[in-house]
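Sequence positions, counted from 1, serve as the residue numbers for this chain.
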Amino acid sequence: NGCVGRDTLPVFPEDHEGFESSLFLAGEAIRFMLWQRGGFGLVLCGPAKLCEGLTAAYSKGGKYEFEAITMPKIFAVEWTVSTVASADELPVAKEEPVVCGKVADGCRIAFDLGKSDVKTVAVKDGEVLGSLETEWDVTNPDPQYHYDLIVKAMKDT
């Protein structure tokens with residue numbers, strides 16, 4: 001839809017003892033924005049060492065490999081990470097709110113896949129009938145494990 005999420009973050013200089021904290025915080029802020037809004041690539045601008053660290057982290061084998069592998073599956077576009085020399089070269093921010101359905105009539109079951117658990121909730125005519133949190137090993141490589149766990153969690157709710 002042509003939307004672009006854009007943010008800024010003050011960071012410590014590359015030679016500062018807190019630089020690794022800046023790298024950590026930037027990585028987590030980017031991950032939050034990806035899961036909040038979606039995305040198929042990053043365009044970075046900032047200190048070279050920070051951009052290099054984030055590029056490595058958001059690549060296969062990096063700290064955020066899961067996002068780098070998952071986002072292209074969602075958007076059917078190859079994942080990219082690039083760096084520009086100046087903030088003027090960054091894409092202009094463009095956001096469009098998405099209004100979700102507000103009708104709460106009838107029966108609903110929903111699930112939320114978290115980092116370590118699956119949350120499920122059953123609702124009828126706007127009233128919560130039950131909810132459940134189920135421990136989840138997101139690192140398990142077996143797709144059947146994930147399918148069975150999600151289905152069981154929904155049925156148990």
Side-chain angles (χ1 to χ4, degrees), residues 1-100 109-121 128 131-154 156-157:
N1 63 6
C3 290
V4 174
R6 184 171 164 174
D7 207 349
T8 60
L9 179 71
V11 297
F12 290 114
E14 296 177 4
D15 60 351
H16 189 278
E17 66 179 323
F19 175 77
E20 290 299 318
S21 297
S22 292
L23 182 59
F24 172 80
L25 185 57
E28 291 299 312
I30 291 167
R31 178 165 55 177
F32 173 78
M33 287 181 72
L34 283 171
W35 288 107
Q36 178 190 44
R37 305 166 187 199
F40 53 82
L42 298 177
V43 182
L44 305 168
C45 182
K49 187 175 176 183
L50 182 77
C51 292
E52 289 165 8
L54 290 169
T55 298
Y58 277 95
S59 299
K60 289 184 181 171
K63 179 178 181 179
Y64 302 104
E65 176 183 43
F66 182 78
E67 284 73 16
I69 291 172
T70 304
M71 290 297 158
K73 293 177 185 176
I74 296 168
F75 292 95
V77 176
E78 185 177 344
W79 177 253
T80 61
V81 181
S82 60
T83 301
V84 295
S86 165
D88 294 337
E89 298 176 62
L90 290 169
V92 175
K94 179 185 174 205
E95 298 187 25
E96 293 179 10
V98 176
V99 178
C100 296
I109 188 162
F111 66 96
D112 173 32
L113 304 178
K115 192 172 183 177
S116 62
D117 65 1
V118 175
K119 295 177 184 76
T120 51
V121 62
V128 175
S131 63
L132 182 68
E133 287 188 33
T134 304
E135 189 173 319
W136 179 36
D137 176 12
V138 298
T139 64
N140 189 316
D142 180 12
Q144 192 65 46
Y145 162 82
H146 300 284
Y147 177 83
D148 291 344
L149 185 128
I150 292 166
V151 170
K152 181 177 185 326
M154 287 193 294
D156 290 350
T157 302

(request) Give the intermediate values and the outcome of side chain to side chain contact (heavy atoms under 4.5 Å, CB included) for residues Glu28 and Tyr64. (result) CA-CA 9 Å; Glu28 291 299 312; Tyr64 302 104; 2.7 Å; yes
(request) Verify the neighbour count for atom CD of Glu135: are there more than 12 heavy atoms of other residues, nucleotides or ligands below 6.0 Å? (result) no
(request) Without swapping roles, check the side chain of Glu14 against the backbone of Ala48 for a donor-acceptor pair under 3.5 Å. (result) yes
(message) Rounded to the nearest 0.5 Å, what separates atom CD1 in Ile30 from atom CG in Leu54?
(response) 4.5 Å
(message) Please report the interatomic distance OG1(Thr139) to OH(Tyr145), rounded to the nearest 0.5 Å.
(response) 8.0 Å
(request) To the nearest 0.5 angstrom, please state how far the CG atom of Asp156 sits from the OG1 atom of Thr120. (result) 8.0 Å
(request) Return each pair, listed once, that meets side-chain hydrogen bond (donor to acceptor under 3.5 Å, both in side chains) where at least one residue sits in residues 46-59; pairs must be two or more places apart or across chains. (result) none
(message) Could you measure the distance from the CZ atom of Arg37 to the CZ atom of Phe32? Nearest 0.5 Å is fine.
(response) 7.5 Å
(message) A quick test of your reading: do over 12 heavy atoms of other residues, nucleotides or ligands sit less than 6.0 Å from CD of Glu95?
(response) yes
(request) Report the distance from atom OG1 of Thr83 to atom CG of Leu42, rounding to the nearest 0.5 Å. (result) 9.0 Å
(message) With rounding to the nearest 0.5 angstrom, report the CE to CG distance, Met33 to Asp7.
(response) 5.0 Å
(request) State, yes or no, whether a side-chain contact exists between Val92 and Val4 at a heavy-atom distance under 4.5 Å. (result) no
(request) Apply side chain to side chain contact (heavy atoms under 4.5 Å, CB included) to Phe40 and Ile74, showing your working. (result) CA-CA 8 Å; Phe40 53 82; Ile74 296 168; over 6 Å; no
(message) Going by side chain to side chain contact (heavy atoms under 4.5 Å, CB included), name the residues that satisfy it together with Leu113, two or more places apart in sequence or in a different chain.
(response) Phe111, Val118, Trp136, Ile150
(request) Check side chain to side chain contact (heavy atoms under 4.5 Å, CB included) between Thr8 and all other residues, then give those that pass, not counting sequence neighbours. (result) none
(request) Would you list the pairs meeting salt bridge (charged side-chain N to carboxylate O under 4.0 Å, His left out) in which at least one residue belongs to residues 67-85, sequence neighbours left out? (result) Arg31-Glu67
(message) So which atom in Cys45 and which in Ser86 form the shortest heavy-atom distance, rounded to 0.1 Å?
(response) SG-C, 3.5 Å
Please list, one pair per line, the donor and acceptor atoms closer than 3.5 Å that link side chains of residues 20-27 to other protein atoms, with sequence neighbours excluded.
{"residue": "Ser22", "atom": "OG", "partner": "Phe12", "partner atom": "N", "Å": "2.8"}

(request) Heavy atoms only: give me the nearest Met71-Leu34 pair and the separation to one decimal. (result) CE-O, 3.6 Å
(request) Report, as yes or no, whether the 6.0 Å neighbourhood of atom CZ on Phe66 holds more than 12 heavy atoms from other residues, nucleotides or ligands. (result) no
(message) Holding to side chain to side chain contact (heavy atoms under 4.5 Å, CB included), I want the full list of residues that pass it with Thr80, two or more places apart in sequence or in another chain.
(response) none
(message) Checking the side chain of His16 only, and the main-chain atoms of Val11 only, is there a donor and an acceptor separated by less than 3.5 Å?
(response) no
(message) Looking at every heavy atom in both Asn140 and Asp142, which two are closest together, and how far apart are they?
(response) OD1-N, 2.8 Å
